[in-house]
Amino acid sequence: MGLGAGLRAVKRRSLTRASVAVAVAAGLALVGACGGSDGDGDGGLTVGVLLPGGGASRFGQFDKPLLVQQLKRLCPDCPAPTVAATSDPAVQRQQIESMITRQVDVLILAAVDPELLRPSVEAAHRADIPVVAYDRLAQGPISGYVTFDGATVGRLQGEALLKAMDAQARGEQIVMMNGATTDPNAGWFKRGALSVLEGKVEIGKSYDTVGWRPENAFVNMTNAIAALGAGEIDGVLAANDSLAGAAVAALNAAEVRPLPPITGQDADLAGVRRIVRGDQYMTVYKPFQPAADAAARMAVALGRGEPVDALAPGTVDNATTEDIPAVLLPSVPVTVGNIKDTVVKDGMYTIDQICTPELRSACDKAGLT
């Protein structure tokens with residue numbers, strides 16, 4: 001199911017940056033205040049965390065440690081959360097079933113495939129286990145939702161691509177490397193990008209990347225080059241940094257020079273390095289700390305049987321549930337000119353991590369060293 005059905009109504013009480021910040025601060029104060037108010041009940045609060053990737057993925061590198069850290073901060077006497085990660089929806093269903101059997105108090109779920117996992121969410125609901133959907137809008141009776149505003153992400157990518165193409169005197173034909181149709185966020189990103197691209201560029205080829213897998217994106221980009229011509233691609237709207245990397249690899253394999261401007265998302269270290277090198281034009285930085293904070297606050301409140309309306313500045317609907325308390329966070333475009341003021345300033349990466357010996361000259365030119 002696409003996000004058109006899943007997010008039929010995003011009802012914003014006030015989702016400006018200022019109001020989100022106020023709501024987040026209020027939520028911290030609310031949950032922080034109740035952290036020591038019910039010591040007898042908190043010690044047994046168990047949280048299950050289910051992620052669509054681990055290891056080198058953004059979920060493994062950033063979301064997992066931040067969620068664990070925040071849950072520990074909010075409930076220091078609680079057992080460590082049970083964390084499971086997989087890119088296989090069938091395996092994730094088994095993981096959810098295992099956590100239901102173990103009778104965890106609350107789940108934080110970043111669904112691999114929201115539609116296929118709907119029966120699992122329903123099973124958790126029947127077991128009186130609330131579910132906080134994280135990053136992706138899960139289907140079924142969820143109790144809260146935390147993500148980044150996908151329309152804004154897509155608009156930032158589209159606007160950046162138009163700016164880069166104009167600055168480089170490129171033509172008007174682009175390739176769109178979208179995410180997986182099983183991820184409702186992918187449709188959200190695509191619609192946000194099209195809202196600024198349609199009528200301004202010709203979309204030569206558009207692909208939905210099965211499983212968000214770079215190897216599939218490489219094949220798609222190779223096919224686009226063959227169909228359109230190596231010199232006829234003026235920009236690539238890549239939905240995230242993994243797809244951007246695959247697009248760069250395919251363009252390099254075809255000896256396309258110069259590379260057209262390419263977008264990305266997630267501010268992966270490899271993506272930031274490509275930006276410094278000049279192989280990728282931009283990425284969208286989504287500060288994961290406030291997302292993890294909001295999800296942890298919701299989970300702890302729900303696990304204690306408390307309402308979460310005060311923690312969320314908006315609501316969303318999915319196919320089964322209306323007025324789900326939601327936090328939709330803002331994102332930041334990153335180009336070579338603001339790396340130091342974004343991902344470095346926020347402590348996501350150090351200059352030494354970004355500026356490998358191979359990139360020292362490019363880092364000097366970018367003012368990073």
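In this chain, residues are counted from 1 in sequence order.
Between the side chain of T369 and the backbone N or O of D364, at least one donor-acceptor pair lies under 3.5 Å. Looking at K340, its side chain never comes within 3.5 Å of a backbone N or O of K345 through a donor-acceptor pair. Not one N or O on the side chain of T209 forms a donor-acceptor pair closer than 3.5 Å with the backbone of W212. Checked by atom type and distance alone, the side chain of R273 pairs as donor or acceptor with a backbone atom of Q353 at under 3.5 Å. Distance alone, capped at 3.5 Å, places no donor-acceptor pair between the R58 side chain and the D266 backbone. No donor-acceptor pair under 3.5 Å is formed between the side chain of D149 and the backbone N or O of P330. Under a 3.5 Å cut-off, the side chain of Y134 and the backbone N or O of A295 do not form any donor-acceptor pair. Within the 3.5 Å criterion, the main-chain N or O of T335 finds a donor-acceptor partner in the side chain of N338. In this structure a side-chain-to-backbone donor-acceptor pair under 3.5 Å is missing from D135 to A110. Not one N or O on the side chain of S98 forms a donor-acceptor pair closer than 3.5 Å with the backbone of Q94.
In this structure, Q168 CD and Y281 OH are separated by 8.0 Å, a value rounded to the nearest 0.5 Å. How far CG of L50 is from CG of L117: 9.0 Å, rounded to the nearest 0.5 Å. Here C75 contributes atom SG and R304 contributes atom CZ; the two are 5.5 Å apart, rounded to the nearest 0.5 Å. The distance from atom OG1 of T263 to atom CZ of F189, rounded to the nearest 0.5 Å, is 11.5 Å. Between atom OG1 of residue T46 and atom CG of residue D105 there is a gap of 3.5 Å, rounded to the nearest 0.5 Å. Expressed to the nearest 0.5 Å, how far CG of L368 lies from OG1 of T350 amounts to 11.0 Å.
Salt bridge status for D352 with R360: present, with a side-chain N to carboxylate O gap under 4.0 Å. For K163 and E159, the salt-bridge test fails: no basic side-chain N is under 4.0 Å from an acidic carboxylate O. Using a cut-off of 4.0 Å between Lys/Arg side-chain N and Asp/Glu carboxylate O, E358 and R277 are scored as salt-bridged.
Each of L228 and V219 belongs to its own hydrophobic cluster when Ile, Leu, Val, Met, Phe, Trp and Tyr are linked at side-chain heavy-atom distances under 4.5 angstrom. Residues V272 and I262 do not share a hydrophobic cluster, clusters being chains of Ile/Leu/Val/Met/Phe/Trp/Tyr side chains in contact below 4.5 Å. The hydrophobic clustering, which links ILVMFWY residues whose side-chain heavy atoms are closer than 4.5 Å, places W188 and L197 apart. Placement of L66 and V343 within a single hydrophobic cluster is found when ILVMFWY residues are connected by side-chain heavy-atom separations under 4.5 Å, directly or transitively. The hydrophobic cluster containing L311 also contains V327, counting ILVMFWY residues as joined when their side-chain heavy atoms lie under 4.5 angstrom apart, directly or transitively.
The minimum heavy-atom distance between R93 and P119, with the atom names listed, is NH2-CB, 3.7 Å. Scanning both residues, C363 and V276, for their nearest heavy atoms gives SG-CG1, 3.8 Å. Summarising the geometry of Q95 relative to A85, their closest heavy-atom pair is NE2-O, 3.7 Å, with the distance given to 0.1 Å. When all heavy atoms are compared, the tightest approach of A186 to A180 is CB-O, 3.2 Å. Nearest heavy-atom pair across I100 and S120 is CD1-O, 4.0 Å. Taking each heavy atom of P261 and L161 in turn, the nearest pair found is O-CD1, 3.4 Å.
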Show which side-chain atoms of residues 229-242 pair as donor or acceptor with protein atoms under 3.5 Å away, not counting sequence neighbours.
from : atom 1 : to   : atom 2 : distance (Å)
D234 : OD1    : G171 : N      : 3.3
D234 : OD2    : E172 : N      : 3.2
D234 : OD2    : Q173 : N      : 3.0
N240 : OD1    : S242 : N      : 3.2
N240 : OD1    : L243 : N      : 2.9
D241 : OD1    : Q265 : N      : 3.1
D241 : OD1    : Q280 : NE2    : 2.9
D241 : OD1    : T283 : OG1    : 2.9
D241 : OD2    : A267 : N      : 2.9
D241 : OD2    : D268 : N      : 2.8
D241 : OD2    : T283 : OG1    : 3.0

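Side-chain contact between Y207 and V175 is present, with heavy atoms from C-beta onward closer than 4.5 Å. Counting only heavy atoms from C-beta outward, the side chains of I174 and M165 approach each other to under 4.5 Å. Counting heavy atoms from C-beta outward, V121 and Q139 have side chains that stay 4.5 Å or more apart. Put simply, the side chain of M348 reaches to within 4.5 Å of the side chain of Y285, judged on heavy atoms. Side-chain contact check for I108 versus L67: some heavy-atom pair is nearer than 4.5 Å. Inter-residue side-chain proximity for L51 and K64 is flagged as met; some heavy-atom pair is nearer than 4.5 Å. A 4.5 Å side-chain heavy-atom check between V49 and P81 finds at least one atom pair inside the cut-off. Contact check for T320 versus I142: no side-chain heavy atoms found under the 4.5 Å cut-off.
With sequence neighbours left out, the side chain to side chain contact (heavy atoms under 4.5 Å, CB included) criterion links S195 to R155. Applying the side chain to side chain contact (heavy atoms under 4.5 Å, CB included) test to V336 and every residue at least two apart in sequence or in another chain returns I275, A366. With sequence neighbours excluded, no residue forms a ring pair (Phe, Tyr, Trp, His ring centres under 6.0 Å) with F148.
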Checking side chain to side chain contact (heavy atoms under 4.5 Å, CB included) for the pair V248/R274: CA distance, chi angles, key distance, verdict? CA-CA 9 Å; V248 169; R274 281 193 298 272; 4.1 Å; yes
Step by step, would you call L71 with R73 a side chain to side chain contact (heavy atoms under 4.5 Å, CB included)? CA-CA 5 Å; L71 287 166; R73 191 188 75 79; over 6 Å; no
What verdict does the side chain to side chain donor-acceptor pair (under 3.5 Å) test give for N252 and R257, after you've listed the backbone C-alpha separation in whole Å, the side-chain angles of each residue and the deciding distance to 0.1 Å? CA-CA 8 Å; N252 283 336; R257 293 291 182 272; 3.0 Å; yes
Pair T147, L329 - check side chain to side chain contact (heavy atoms under 4.5 Å, CB included), show working. CA-CA 6 Å; T147 194; L329 296 163; over 6 Å; no
Please step through side chain to side chain contact (heavy atoms under 4.5 Å, CB included) for the pair I339 and Y349, ending with a clear verdict. CA-CA 10 Å; I339 289 173; Y349 307 117; over 6 Å; no
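Residues in residues 83-92 take part in no side-chain hydrogen bond (donor to acceptor under 3.5 Å, both in side chains) pair, two or more places apart or across chains.
Considering V153, T152, V334 in turn, V153 is the only one that fulfils the side-chain contact (heavy atoms from CB on, under 4.5 Å) rule with V284.
When hydrophobic residues (I, L, V, M, F, W, Y) are linked wherever their side-chain heavy atoms come within less than 4.5 Å, V91 remains an isolated member.
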